[in-house]
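This report refers to the structure that appears directly beneath it.
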Amino acid sequence: MPLIVALAALPMCAQGKFDLHVGVGMSTVVGSDAEGTKNNFAYKVGVGYDIAVTENFSIWPALDLVNKGFKADDIDGSVNMAYLQIPVMATYKFKVGDNMSIAPMVGPYIAYGIYGSDIEIIDEDGSDKFNVFDSDGGYKRFDAGIKAGVAFNFDQFVISAEYSRGLAKLDTDFKQYNQAFGLTFGYKF
């Protein structure tokens with residue numbers, strides 16, 4: 001709760017800019033129980049607020065709808081998990097020209113699964129179908145982790161390369177964590 005109050009108060013004491021952004025990339029699960037999983041298409045769409053704390057340093061909270069997931073040999077199709085995700089990134093802008101900068105960024109995120117795909121697991125005993133967030137054997141809806149990347153700012157346009165790694169286990173019985181990487185395109189106004 002104190003973090004939410006502090007983030008809400010920052011726009012009042014610092015200058016900032018809103019942004020709209022969309023991104024595409026790949027996602028999978030990693031961990032000791034993630035053997036046999038493969039990359040899956042991932043996307044995100046969201047809004048953010050780039051809060052200038054100093055001339056070069058800023059805090060960038062956002063609210064994103066992100067799709068994560070994976071493919072596996074024993075699953076028919078792919079596993080898709082859609083989350084509402086709140087990252088809070090710290091960025092430092094290095095000017096490389098007029099109205100151009102490169103900004104490394106890093107920070108935590110929290111996410112809540114709002115919907116997921118129905119999956120069918122096929123093995124020698126037959127098949128079993130359930131929703132990925134089903135309470136009977138599905139993944140947890142809560143995820144938290146860390147994001148890192150680098151943003152290229154051109155006037156009001158932003159292109160960023162990002163990597164995120166979940167730190168919360170997706171399932172109590174297995175050591176699997178979300179992982180995603182991709183490109184994001186944004187516009188600040």
Side-chain angles (χ1 to χ4, degrees), residues 19-48 50 60-91 102-122 129-134 137-154 157-188:
D19 74 87
L20 297 174
H21 50 264
V22 296
V24 294
M26 302 301 283
S27 68
T28 191
V29 291
V30 294
S32 59
D33 294 324
E35 187 176 317
T37 60
K38 300 175 185 113
N39 286 328
N40 191 38
F41 176 74
Y43 65 84
K44 82 172 185 179
V45 60
V47 297
D50 189 359
W60 183 38
L63 175 62
D64 298 328
L65 172 64
V66 298
N67 182 68
K68 298 180 182 180
F70 62 94
K71 293 180 182 177
D73 294 332
D74 60 347
I75 295 175
D76 185 24
S78 60
V79 174
N80 291 297
M81 300 171 283
Y83 293 92
L84 279 180
Q85 181 170 285
I86 301 173
V88 180
M89 308 291 282
T91 67
I102 296 175
M105 55 188 178
V106 66
Y109 76 83
I110 58 171
Y112 183 79
I114 55 173
Y115 63 89
S117 61
D118 289 332
I119 58 175
E120 186 173 5
I121 297 180
I122 302 168
K129 190 172 187 175
F130 59 94
N131 185 277
V132 70
F133 288 128
D134 189 0
Y139 284 139
K140 297 176 189 175
R141 290 183 181 269
F142 178 77
D143 187 27
I146 191 150
K147 284 184 64 174
V150 62
F152 302 95
N153 299 286
F154 309 95
F157 297 96
V158 179
I159 299 172
S160 61
E162 300 174 351
Y163 171 78
S164 66
R165 170 66 156 76
L167 300 175
K169 283 179 21 176
L170 293 173
D171 187 301
T172 54
D173 298 329
F174 300 104
K175 290 183 180 177
Q176 295 180 341
Y177 307 87
N178 276 321
Q179 174 178 273
F181 54 92
L183 291 175
T184 301
F185 307 92
Y187 180 79
K188 293 182 181 180

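Under a 3.5 Å cut-off, the side chain of Ser27 and the backbone N or O of Gly69 do form a donor-acceptor pair.
Phe152 contributes atom CZ, which lies 8.5 Å from atom CD1 of Ile159 (distance to the nearest 0.5 angstrom). Going from atom CG of Asp19 over to atom CZ of Phe157 covers 12.5 Å, rounded to the nearest 0.5 Å. In this structure, Asp50 CG and Asn153 CG are separated by 7.5 Å, a value rounded to the nearest 0.5 Å. The CG atom of Asn178 sits 9.0 Å away from the CZ atom of Phe70 when rounded to the nearest 0.5 Å. Going from atom CD of Gln179 over to atom CG of Asn39 covers 8.0 Å, rounded to the nearest 0.5 Å. Of the inter-residue distances, the one linking Asp134 atom CG with Tyr139 atom OH reads 13.5 Å to the nearest 0.5 angstrom.
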Lys188 and Val158: CA distance, side-chain angles, deciding distance, side chain to side chain contact (heavy atoms under 4.5 Å, CB included) verdict: CA-CA 8 Å; Lys188 293 182 181 180; Val158 179; 3.5 Å; yes

Residues Asp143, Tyr109; criterion side chain to side chain donor-acceptor pair (under 3.5 Å); working and verdict: CA-CA 8 Å; Asp143 187 27; Tyr109 76 83; 2.9 Å; yes

Verdict with reasoning, Val106 to Ile146, per side chain to side chain contact (heavy atoms under 4.5 Å, CB included): CA-CA 7 Å; Val106 66; Ile146 191 150; 4.2 Å; yes

Lys68 and Gln85: CA distance, side-chain angles, deciding distance, side chain to side chain contact (heavy atoms under 4.5 Å, CB included) verdict: CA-CA 11 Å; Lys68 298 180 182 180; Gln85 181 170 285; 3.0 Å; yes

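Looking at every heavy atom in both residues, Ala42 comes nearest to Met26 through CB-C, 4.0 Å. Residue Asn80 comes nearest to Val132 through the heavy atom pair O-CG1, 3.7 Å, listed as atom of the first residue, atom of the second, then distance. When all heavy atoms of Ala82 and Leu65 are compared, the closest pair comes out as CB-CD1, 4.4 Å. Here the closest heavy-atom approach between residue Tyr83 and residue Lys140 is recorded as OH-O, 4.5 Å. When every heavy atom of Gly116 is checked against every heavy atom of Asn131, the shortest pair comes out as O-ND2, 2.9 Å.
Residue Lys175 places its NZ atom among 12 or fewer non-hydrogen atoms of other residues, nucleotides or ligands, all under 6.0 Å distant.
Within the 4.5 Å cutoff, the side chain of Val79 has no heavy atoms near those of the Asn40 side chain. Val29 has its side chain within reach of Leu170: a pair of non-hydrogen atoms, C-beta onward, lies under 4.5 Å apart. Asp64 has its side chain within reach of Pro87: a pair of non-hydrogen atoms, C-beta onward, lies under 4.5 Å apart. Proximity of Lys44 to His21: side-chain heavy atoms (C-beta onward) are separated by under 4.5 Å at one or more points. Looking at Val150 and Ile102, their side chains come closer than 4.5 Å, going by heavy atoms from C-beta outward. The closest side-chain heavy-atom distance from Phe41 to Val24 is below 4.5 Å.
Here ring-ring contact (aromatic ring centres under 6.0 Å, His included) pairs that include residues 158-185, with residues two or more places apart or in two chains, number zero.
Evaluation of the side chain to side chain contact (heavy atoms under 4.5 Å, CB included) rule for Tyr112 yields Ile114, Arg141 as partners, not counting sequence neighbours.
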